[in-house]
There are 2 protein chains.
Amino acid sequence: MITETKLKPISVIIVEDFKLTRVGLRCALNANEDINVVAEAEDAVEGLKLIERHKPDVILMDLGLPGMNGIEAMVKCKEMNFNSKIIALTSHDRSEEVIASLTSGASAYCLKDIDPNKLADVVRDVNTGVCWIDPVVAQMTLNALPKIDNIGVLPDKSHSNGCVPLTEREFEVLKHLVSGKSNTEIAKELIVSVHTAKAHVCSILQKMCVNDRVQAAVKAVKEGMV
Amino acid sequence: MITETKLKPISVIIVEDFKLTRVGLRCALNANEDINVVAEAEDAVEGLKLIERHKPDVILMDLGLPGMNGIEAMVKCKEMNFNSKIIALTSHDRSEEVIASLTSGASAYCLKDIDPNKLADVVRDVNTGVCWIDPVVAQMTLNALPKIDNIGVLPDKSHSNGCVPLTEREFEVLKHLVSGKSNTEIAKELIVSVHTAKAHVCSILQKMCVNDRVQAAVKAVKEGMV
DNA sequence: ATGTCCATTAGACAAGTGGGTAATATTATT
DNA sequence: AATAATATTACCCACTTGTCTAATGGACAT
C-alpha cells in the first residue's frame, strides 16, 4: 500500500501573486487528505518569511512575482537549507526560465494549466524527491543536458557510490566536510574528539571510493548528496 | 487517482533480459486497465524489431542488456522516429548513465526498486510527455544542467568569482584541484615543481576567498567554473 | 627604463591529513 | 544471551598543505 493514509500530511506553502490562482491552488490541494496548505504569500519576501517559519515539505513558487522574482526567491530559499522541495509554477514556457528554475533549486516545473488532480500527484512525487517536468517543456530541458559519449557508458560494474551506504553520522560529517571544515572543526561541531572525526572521514573516503576529502566533497556536491 | 475513462489503453513494450523482472513488470502494468503490455523482448535487437512492429506508446528499456546495451538501443529507437516515449530502467545510479539515458531519448529514469503502482503512474505521466526522474538520481541530474547566470532571469551573482579573476594558469590548476589531485600530482601534470603548484593553489585560495582546497573545489563545482 | 603583473623556483615551518592498529561503549538484531 | 554494527577514543607515523620570505626572468604598458 502506498496510500499515505495515516501519516502526517504533506505541508505546502503557496507563493503566487494572483489571488484567484492562489485560491484555486489552495482548494485543489486541500481537497486531498494527504496534502495540507499551511500558508500562502503573494510576494517573494512574504513567502520567504512564511517558509522560514513553517519549514514546509513542498513549496509552490510562481515565477512571475512582483519585486523579487521566483528564481531569486528559490535561491534564497535553498540558502536557508531546510529540506523543502520546490515546484516552479508559471504560465510561460521559455527555455531559459525552465533551466534557471531547475538549477536554482526547483525539483519540478509545472505550467499553470495543469490538471488540479495532476498537481496533487506532482506534490506527492516531488515530496519524495522526484524530478518532474511538464510535457510542454520536458523535451527542451532534456536537450539542455550535456551530451555524453553514449558508448562505453555501461561497464555494468555495479559499484561507484551507492553500493556502500553512509551511516547517518558519517553523512553528518560529510556535510561539514563539504562545507570546508577541517577535522578539528568537525569534531568541535559534533562535540566529539578529533580522533572520532578522523575515523568517520576515513570510512567515508573508503565507502565513497575516493582517495581524499577533496574528491569526496566534489563527488558529494556533483551527485547532490548534500 | 486520475481514472483515464474508456480511452484506448497505453501500449507498452518491455525490453529486459531477466525473465523474472520481465514477468514482474508485465504483471504490475497489466494490472492496470489503462495500460496494456503488447510485447516483451529479452535483448535490444529483438526489442527494436518489436518496437518497429508495434509502435508502442511507451517503452520500458533496461539499460544493462547483453549485446547492444539499452542506451544504444534508445538511440536507434529514436532514429526510427515513432513517437514512443522511453522509460530507462536500471538498478544503478551512476551519474553518467542517467545523463546518457536522458540525452539518448529517455523521458524518464527509474530505479528497479520502484513501487509497481508508482511505475504505472510513471507510464501514464511519460505517455503525456512528462519527464520523470527517480528521487535517488534527481538531484545529480539537475546539477548536470548547464548554469546560466548571464541571463536576466537569474539574480545577479557578481559575488561568485567576479571579485578577482583567476589567471589562465591558476584556472588550469583549479581544474586539477577539483579532480582531486594533490599538489605533487598537479605539479607533475603541469611539469613544474611542487613549489609552483603550491604557489598557484595559494593564490587561488586567496582570490576565491576560501580557506582551503576543499572549499575551493566545492565552490568551483557549485558555481560551474569547471 | 620603470613599474607591475605573472610564472617559476626554493627553504622552512606549523598545522592538518590519512593510514595503520586497537580498545571500549552503545545499540540493534537474532 | 550472543552477535554484529556503529560510535567513540587513543596513539603513532609518513606525508601533505598552506603560508611565509625571497629570488629570477618574461611580458606589457606608460
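Just the heavy atoms: all of them, side chains too, but no hydrogens, waters or symmetry mates, feed the values below.
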Rounded off to whole Å, could you give me the CD-to-P distance for the Glu185(A) and dA15(C) pair? 14 Å
Basic-acidic side-chain contact under 4.0 Å: Arg169(A), Glu172(A): yes
Tell me the interatomic distance from Ile186(B), atom CD1, to dA7(C), atom C1', rounded to whole angstroms. 15 Å
Between the protein and nucleotides 16-20 of chain C, which nitrogen or oxygen pairs come in under 3.5 angstrom?
| residue | atom | partner | partner atom | Å |
| --- | --- | --- | --- | --- |
| dT17(C) | OP1 | Arg213(A) | NH1 | 3.3 |
| dT17(C) | OP2 | Asn183(A) | N | 3.1 |
| dT17(C) | OP2 | Asn183(A) | ND2 | 3.4 |
| dG18(C) | OP1 | Arg213(A) | N | 3.0 |
| dG18(C) | OP2 | Arg213(A) | NE | 3.1 |
| dG18(C) | N7 | Lys198(A) | NZ | 3.4 |
| dG18(C) | O6 | Lys198(A) | NZ | 2.9 |
| dG19(C) | O6 | Lys198(A) | NZ | 3.4 |

Report each atom pair, protein N/O against N/O of nucleotides 3-7 of chain D, whose distance is under 3.5 angstrom.
| residue | atom | partner | partner atom | Å |
| --- | --- | --- | --- | --- |
| dA7(D) | OP1 | Thr167(A) | OG1 | 3.2 |
| dA7(D) | OP2 | Thr167(A) | OG1 | 3.0 |

Partners of Ser203(B) by side chain to side chain donor-acceptor pair (under 3.5 Å), sequence neighbours excluded? Glu170(B)
With sequence neighbours excluded, what pairs up with Asp212(A) under the side chain to side chain donor-acceptor pair (under 3.5 Å) test? none
Looking at residues at least two apart in the chain, or sitting in another chain, which of them share a side chain to side chain contact (heavy atoms under 4.5 Å, CB included) with Ile114(B)? Cys110(B), Lys118(B), Leu119(B), Val122(B), Trp132(B)
What residues, two or more places apart in sequence or in another chain, satisfy salt bridge (Lys or Arg N to Asp or Glu O under 4.0 Å) together with Glu185(B)? none
Can you pull out every salt bridge (Lys or Arg N to Asp or Glu O under 4.0 Å) where at least one residue sits in residues 61-71 of chain B? Sequence neighbours excluded, please. Asp62(B)-Lys112(B)
When the rotation axes relating C1' atoms of four end pairs to the next four are compared across the helix from dA1(C)-dT30(D) to dT30(C)-dA1(D), five pairs an end, they differ to 10° by 50°
Rounded to whole Å, please give me the gap between CD in Glu172(B) and C1' in dA7(C). 12 Å
Please list, for nucleotides 28-30 of chain C, all pairs of protein and nucleotide N/O atoms separated by less than 3.5 Å.
none

If only atom types and distance count, is the side chain of Asp43(B) paired as donor or acceptor with the main-chain N or O of Glu46(B) below 3.5 Å? yes
Partner residues of Arg53(A) under the side chain to side chain contact (heavy atoms under 4.5 Å, CB included) criterion, sequence neighbours left out: Leu50(A)
Taking only side-chain N and O atoms of His195(A), does any of them lie within less than 4.0 angstrom of OP1 or OP2 on dT9(D)? no
Listed by chain and number, what are the side chain to side chain donor-acceptor pair (under 3.5 Å) partners of Ser179(B), not counting sequence neighbours? Lys181(B)
Step by step, would you call Val12(A) with Ile35(A) a side-chain contact (heavy atoms from CB on, under 4.5 Å)? CA-CA 7 Å; Val12(A) 177; Ile35(A) 298 178; 3.7 Å; yes
Glu40(A)/Arg26(A) salt bridge by N-O under 4.0 Å criterion: yes
Residues that Asn127(B) engages under side chain to side chain donor-acceptor pair (under 3.5 Å), provided they are two or more places apart: none
Ionic contact status for Lys85(A) with Asp57(A), cut-off 4.0 Å: no
